[in-house]
Asks: 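Just passing along the structure, written as structure tokens.
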Protein chains: 2
Amino acid sequence: MPIRASDAERIDNISFFSNAAAPTRERVLSGAFLQRFPANTTLLLEGDPVDFLYVLLEGSVELGAGWKSRDTTLAVLRPVSTFILAAVVLDADALMSAVTLEKSEILMIPGESLRSAMKQDSAFGFAISEELSGCYRGLVRAIKNQKLRDSTERLANYLLTQRVRQGETDTIVLPHEKRILASLLGMTPENLSRAFAKLHAQGVSVEGARVHIEKPAALERLARPSPLIDNHYAQSRNEFGKAFTERQRGTLDRS
Amino acid sequence: MPIRASDAERIDNISFFSNAAAPTRERVLSGAFLQRFPANTTLLLEGDPVDFLYVLLEGSVELGAGWKSRDTTLAVLRPVSTFILAAVVLDADALMSAVTLEKSEILMIPGESLRSAMKQDSAFGFAISEELSGCYRGLVRAIKNQKLRDSTERLANYLLTQRVRQGETDTIVLPHEKRILASLLGMTPENLSRAFAKLHAQGVSVEGARVHIEKPAALERLARPSPLIDNHYAQSRNEFGKAFTERQRGTLDRS
DNA sequence: CGGGAGGTTGACTCACGTCAAAGACTGTGG
DNA sequence: CCACAGTCTTTGACGTGAGTCAACCTCCCG
């Protein structure tokens, strides 16, 4: 059995497994296996057929895409997160590439096992639908963020989101390289530097990966975070949004 | 019974109903009702709780969102399409507003009926997962389109997609106002005009809603459509992408 | 025949990408 | 422990893409 006992509990944390009936769990995991990858390993290239559902248990993974010599980062995942679920459900080709950013530990579940389990256990199938819905809504937020805000506003909101996730501290630590953060926020590294410079007026100062937020209120006045775009409440899990935390409701932002 | 026989067949065309067991269909539709709306009717404001799954049977609907006095169009739907499915599955608030663009006919299915049917009929639940996956992948395409291409490239690819959908003709008809097309493509109306002007060099000429494509090859050389971004094969249904046509595979675009 | 909305055009401004160079950081091998 | 190479980051100068504002034009509807 390629799955160790120490991993079992982490697997329990995956939202859709905790709700599944024991025999379903059993069947899905029987064909699954755990794999370790070094940093900078390409797990999947966009356009590749997808045979497995991936579950990140340790490390971090970048989802990206390219076109005509341009490249962009669509998400950076941290444990515990699933990825390319939609492609697995449809048995289709990947629309995004996946690359490890650090040494990572990944559970790989054969697509066919997952699909047959969904068809057999409707509670499990419903849990997958919830997961998919959470991911979908995460993407809706991402598009709104991209189309409605300029780069400085995106950075400001990113910082506020990180602040919430890291416990309302006044000094946050950027979880990845600035180069990747820039790509995630849809700008160049040079422009990210300048965006940080602009936020100096709002009390933001940078020192390596450490970012000090002097005046959160001023930053918020500029950022205007909205519960309809920013998912502050998502655990540091899948950046695409999570079913669990979706029910939260904040105040409306628009006038 | 508020659902007419003439509508029954159109409802059959919804992907996830055609696969559902008869009793499931029965149960889901029993609480549903058909509603007609005039043009420019707001069906849903972002932030609103969502009580129904909407199915557009006739007319067209714009999904949009706003922030800080800016607004953007996320999709324009044509029959037969569902919308806000993800919010219904999670029983969460809407992240997008929905407004009719023309007089429309919409089937409204109580969220609770849908969720309980999913939990009871696993084949139905799976079909919903397929639908959600298709929508998810449509959004991934939309983000890639937005982050990887400039406005002229987006327009060029939009035109080529329309050309395929309208039957490879050399004169296509824009399906909505240019103002809305601009917002959908992520630019201002002024800029859309200029983007059309730029494409004159590729043999594109505009006359009202009619667009003539003189040299498709030249336009394609500029647009470089990719099966990983542009879903040429989607019926004129849900712009967010469709499960059915997802399996198609084209040639890779990148070098 | 007006009035109004949608569409186009031009001038201007600003946001953002590009290119180049210099500084900071990191990990490696001597 | 230090030297060094390579990568990441920052800064400046510059060009281009795209939003804004205003004027004008056209079409449609009353």
Side-chain angles (χ1 to χ4, degrees), chain A residues 38-40 62 66-73 76 99 101-103 145-158 173-201 204-211 222-223, chain B residues 38-40 62 66-73 76 99 101-103 145-158 173-201 204-211 222-223:
Chain A
N40 291 314
E62 175 192 23
W67 180 77
K68 253 200 197 182
S69 84
R70 260 164 282 183
D71 278 285
T72 194
T73 301
V76 177
V99 180
L101 291 178
E102 314 166 19
K103 199 165 77 133
N145 191 40
Q146 189 67 35
K147 289 182 77 174
L148 294 170
R149 310 216 259 227
D150 69 24
S151 60
T152 308
E153 291 167 335
R154 290 198 293 276
L155 174 59
N157 279 289
Y158 176 86
V173 178
L174 301 177
H176 8 269
E177 281 176 358
K178 296 210 184 82
R179 187 174 53 87
I180 291 185
L181 176 57
S183 179
L184 182 64
L185 294 177
M187 52 180 142
T188 58
E190 293 96 319
N191 239 318
L192 177 60
S193 275
R194 292 176 189 121
F196 269 121
K198 282 188 199 168
L199 293 182
H200 205 87
V204 173
S205 51
V206 189
E207 205 184 306
R210 206 173 313 290
V211 178
L222 181 270
Chain B
N40 291 315
E62 174 192 24
W67 181 76
K68 250 200 199 185
S69 85
R70 260 165 281 184
D71 277 285
T72 193
T73 301
V76 178
V99 181
L101 292 178
E102 314 166 19
K103 197 167 80 136
N145 191 40
Q146 189 67 35
K147 288 182 78 175
L148 293 170
R149 310 215 260 227
D150 67 24
S151 59
T152 309
E153 291 168 334
R154 290 198 295 274
L155 173 60
N157 279 290
Y158 176 87
V173 178
L174 300 178
H176 8 268
E177 283 176 356
K178 295 210 184 81
R179 189 173 53 86
I180 290 185
L181 176 56
S183 179
L184 183 63
L185 294 177
M187 51 182 144
T188 57
E190 294 96 320
N191 239 316
L192 177 60
S193 275
R194 292 174 189 124
F196 269 121
K198 284 187 198 170
L199 293 182
H200 206 84
V204 173
S205 51
V206 189
E207 206 183 305
R210 205 173 313 289
V211 178
L222 181 271

Asks: Starting from P on D:dT11, measure out to CG on A:L192 and report it in whole angstrom.
Replies: 11 Å
Asks: Could you state the CD1-C1' distance from A:I180 to D:dT9, rounded to the nearest angstrom?
Replies: 14 Å
Asks: CZ of B:R179 versus P of D:dG19: gap in Å, rounded?
Replies: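 Checked: the CZ to P distance equals 16 Å.
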Asks: Examine the base of D:dC21 for any acceptor or donor lying under 3.5 Å from a partner atom in the side chain of B:E190, and report the outcome as yes or no.
Replies: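 Yes, the side chain and the base share a sub-3.5 Å donor-acceptor pair.
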Asks: Can a donor-acceptor pair be found, under 3.5 Å and without considering hydrogens, that links the side chain of A:K68 to the backbone of B:L148?
Replies: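 No; judged by distance alone, with no hydrogens or angles, the pair does not exist.
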Asks: OP1 or OP2 of C:dC16 sitting under 4.0 Å from any side-chain N/O of A:T188?
Replies: no
Asks: On the nucleotide D:dA18, are OP1 or OP2 found under 4.0 Å from the side-chain N or O atoms that B:N191 carries?
Replies: no
Asks: Hey, is the side chain of A:S193 poking within less than 4.0 Å of OP1 or OP2 on D:dT9, counting only N and O atoms?
Replies: no
Asks: To the closest 0.5 Å, what do you measure between CG (A:L181) and CG (A:L174)?
Replies: 6.0 Å
Asks: Quick check for you: among C:dA15, D:dT10, C:dT8, whose closest atom lies nearest to any side-chain atom of A:D150?
Replies: C:dA15
Asks: Is any side-chain N or O of A:R194 under 3.5 Å from a base N or O of D:dG12, one able to act as donor and the other as acceptor?
Replies: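 Check passes, donor-acceptor contact within cut-off.
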Asks: So, the side chain of A:S183 versus the backbone of A:T73: is there a donor-acceptor pair under 3.5 Å, distance only?
Replies: yes
Asks: Taking the side chain as every heavy atom from C-beta outward, state whether B:V211 and B:F196 have any atom pair closer than 4.5 Å.
Replies: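 Heavy-atom side-chain distance check passes, below 4.5 Å.
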Asks: For the pair made of CG in A:D71 and P in C:dG17, what is the distance, rounded to whole Å?
Replies: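 Rounding to the nearest Å, CG of A:D71 and P of C:dG17 are 14 Å apart.
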Asks: To the nearest angstrom, how far is B:F196 atom CZ from D:dG17 atom P?
Replies: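 One finds 18 Å between P of D:dG17 and CZ of B:F196, rounded.
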Asks: Taking CG from B:L185 and C1' from D:dG17, how many angstroms apart are they, rounded to a whole number?
Replies: 16 Å
Asks: Can you measure A:L174 atom CG to D:dT10 atom P for me and round it to whole angstrom units?
Replies: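 In whole Å, D:dT10 P lies 10 Å from A:L174 CG.
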Asks: Rounding to a whole Å, what distance do you find between B:M187:CE and D:dT20:P?
Replies: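 From B:M187 CE to D:dT20 P: 14 Å.
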Asks: Testing the basics here: between B:L155 and B:A195, what is the closest heavy-atom pair and its distance to 0.1 Å?
Replies: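 The answer is CD2-CB, 3.7 Å.
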